[in-house]
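One structure below.
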2 protein chains.
Amino acid sequence: MSDGVEWSIHCCTVLAVLPPGEALPAARLAEFHEVPPAYLAKHLQALSSAGIVGSISGPRGGYALARPAAEVTLLDIVLAVDGEETAFRCSEIRQRGPAAQPDPAAYRRPCGIARAMWRAEDAWRRELTATTVADLLAELMATVPTAQLLAGAEWIQQVQINRRTRP
Amino acid sequence: MSDGVEWSIHCCTVLAVLPPGEALPAARLAEFHEVPPAYLAKHLQALSSAGIVGSISGPRGGYALARPAAEVTLLDIVLAVDGEETAFRCSEIRQRGPAAQPDPAAYRRPCGIARAMWRAEDAWRRELTATTVADLLAELMATVPTAQLLAGAEWIQQVQINRRTRP
DNA sequence: GGTTCCGTACTCGGATAGTTGTTGTCCGAGTAATGAGGG
DNA sequence: CCCTCATTACTCGGACAACAACTATCCGAGTACGGAACC
């Protein structure tokens with residue numbers, strides 16, 4: 001799985017605590033997490049294409065969540081960054097080799113192996129769907145020490161002030 | 001996910017219907033599935049290292065399941081071929097950037113994002129653990145037309161005869 | 001003083017190289033069956 | 001006829017290239033703000 005998934009989720013939690021109407025540029029998000037700015041921008045583009053975040057150009061622009069944090073699931077982010085296709089790909093090798101049947105009707109039902117693998121992936125997706133960015137935030141509020149939460153909030157606030165006073 | 005996972009699972013189901021005491025060479029398994037023989041051999045080595053299949057050298061040698069099919073789970077195969085590490089890797093980026101805390105004790109509890117992702121992977125692994133090669137075989141017996149099952153059995157039997165009469 | 005227009009600086013978006021992991025292949029070490037030879 | 005032994009052919013195992021995907025980066029298109037000029 002791409003490292004960009006981790007970065008993207010962290011970015012979404014940061015964007016979730018942004019005051020409504022405000023946006024945060026990709027460069028600031030990269031600075032906050034100490035990751036390569038240009039590469040993070042690439043993943044944010046993917047989030048934007050998927051409709052998870054909205055992008056605003058020009059000064060005072062940046063990224064912001066496109067919908068409430070409670071409506072952004074982890075699966076949404078993972079699929080946007082890593083692609084929609086399943087991890088297990090069935091290449092139908094059962095239809096090849098000496099035991100193959102010429103009648104295509106024999107292969108109407110999906111391969112049992114693929115079904116088992118996809119059942120596991122469904123369980124994985126269900127679990128990822130059950131967790132939203134809002135849940136992650138609530139868990140942060142409950143477990144992270146207040147001092148650390150304040151440090152993050154302070155930094156974001158300072159960025160907003162700098163952008164307002166000296167654009 | 002590597003394509004070798006699919007091949008390996010198919011191979012295990014074939015090995016499961018082998019008469020006890022017999023073995024099937026990697027070349028025959030590759031022939032049965034029409035996959036590159038040398039590359040399949042590589043994955044069979046992984047299965048052997050993991051103790052899922054046993055290998056026998058020399059004439060009449062080959063691969064055979066190392067334990068009953070009911071005790072080989074899909075997770076065993078997937079981990080052997082794709083590696084033991086989790087798909088999601090937490091690089092602890094929360095400990096970096098301007099909001100980081102100097103006190104290491106603040107990061108004793110795992111990152112909530114990693115916990116959520118690993119929870120999903122646990123669900124995936126649970127589902128894969130619940131399915132064994134024996135289950136796949138039973139499902140095959142119940143759904144695949146008899147003619148096709150016979151074709152496969154015939155082929156395996158013929159291979160065994162050829163190996164016995166003309167080694 | 002209010003309005004309009006232009007310049008500017010900042011943003012995102014897609015097109016472009018470098019590096020690691022997956023895919024694919026090969027040849028050598030080891031082994032068990034085979035057949036001949038001898039007792 | 002039975003036993004011993006060298007031969008032989010077959011197997012696995014690990015070492016060696018080619019490709020693709022992930023990682024990382026850059027520059028151009030677009031946009032909203034700021035200020036200056038004009039009415």
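The chains referred to below are lettered A, B, ... by the order of the sequence lines, with proteins before strands, and numbering in each begins at 1.
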Under a 4.0 Å heavy-atom cutoff, the residues of residues 5-22 of chain A touching DNA chain D are A/W7
Look at the side-chain N and O atoms of A/Y39 and state whether any lies under 4.0 Å from the OP1 or OP2 oxygen of D/dT23. yes
Please report, to 0.1 Å, the donor-acceptor pairs under 3.5 Å made by any side chain of residues 64-80 of chain A, with sequence neighbours excluded.
| unit_1 | atom_1 | unit_2 | atom_2 | d |
| --- | --- | --- | --- | --- |
| A/R67 | NE | A/E71 | O | 2.8 |
| A/R67 | NH1 | A/G51 | O | 3.3 |
| A/R67 | NH2 | A/D76 | OD2 | 3.1 |
| A/T73 | OG1 | A/L75 | N | 3.4 |
| A/T73 | OG1 | A/D76 | N | 3.1 |
| A/T73 | OG1 | A/D76 | OD1 | 3.4 |
| A/T73 | OG1 | A/D76 | OD2 | 3.0 |
| A/D76 | OD2 | A/T73 | N | 3.1 |

For A/S91, what residues pass the side-chain hydrogen bond (donor to acceptor under 3.5 Å, both in side chains) criterion, not counting sequence neighbours? B/E6
Can you tell me if the side-chain N/O atoms of B/R60 get under 4.0 Å from OP1 or OP2 in D/dA9? no
With sequence neighbours excluded, tell me which residues meet side-chain hydrogen bond (donor to acceptor under 3.5 Å, both in side chains) with A/Q148. B/Y107
Pairs touching residues 143-154 of chain A that satisfy salt bridge (Lys or Arg N to Asp or Glu O under 4.0 Å), sequence neighbours left out: none
Name the atoms and distances for all side-chain donor-acceptor pairs under 3.5 Å in residues 15-37 of chain B, with sequence neighbours left out.
| unit_1 | atom_1 | unit_2 | atom_2 | d |
| --- | --- | --- | --- | --- |
| B/E22 | OE2 | B/R164 | NH1 | 3.3 |
| B/H33 | ND1 | B/L29 | O | 3.0 |
| B/E34 | OE2 | A/G97 | N | 3.2 |

Report all interatomic pairs (protein N or O, nucleotide N or O of nucleotides 13-20 of chain D) with separations under 3.5 Å.
| unit_1 | atom_1 | unit_2 | atom_2 | d |
| --- | --- | --- | --- | --- |
| D/dG13 | OP1 | B/S55 | OG | 2.7 |
| D/dG13 | OP2 | B/Y63 | OH | 2.9 |
| D/dG13 | N7 | B/Q45 | NE2 | 3.2 |
| D/dG14 | N7 | B/Q45 | OE1 | 3.1 |
| D/dG14 | N7 | B/Q45 | NE2 | 3.1 |

side-chain hydrogen bond (donor to acceptor under 3.5 Å, both in side chains) involving A/Q158 - partner list, sequence neighbours excluded: none
Could you pull out all residues at least two apart from B/R89 that satisfy side-chain hydrogen bond (donor to acceptor under 3.5 Å, both in side chains)? A/D3
What donor-acceptor contacts under 3.5 angstrom involve side-chain atoms of residues 132-140 of chain B, with partners at least two apart or in another chain?
| unit_1 | atom_1 | unit_2 | atom_2 | d |
| --- | --- | --- | --- | --- |
| B/T132 | OG1 | B/A134 | N | 3.3 |
| B/T132 | OG1 | B/D135 | N | 3.2 |
| B/T132 | OG1 | B/D135 | OD2 | 3.2 |
| B/D135 | OD2 | B/T132 | N | 3.0 |
| B/E139 | OE2 | A/R115 | NH1 | 3.4 |
| B/E139 | OE2 | A/R115 | NH2 | 2.6 |

Applying a 4.0 Å non-hydrogen cut-off, can you work out what A/A26 is touching in the nucleic acid: base, sugar-phosphate, or nothing? sugar-phosphate
Stem regions touching DNA chain C, defined by at least 3 consecutive Watson-Crick or wobble G-U pairs below 3.5 angstrom: C:1-39 with D:1-39
With the threshold set at under 4.0 Å for non-hydrogen atoms, list the residues of residues 78-95 of chain A touching DNA chain D in residue-number order. none
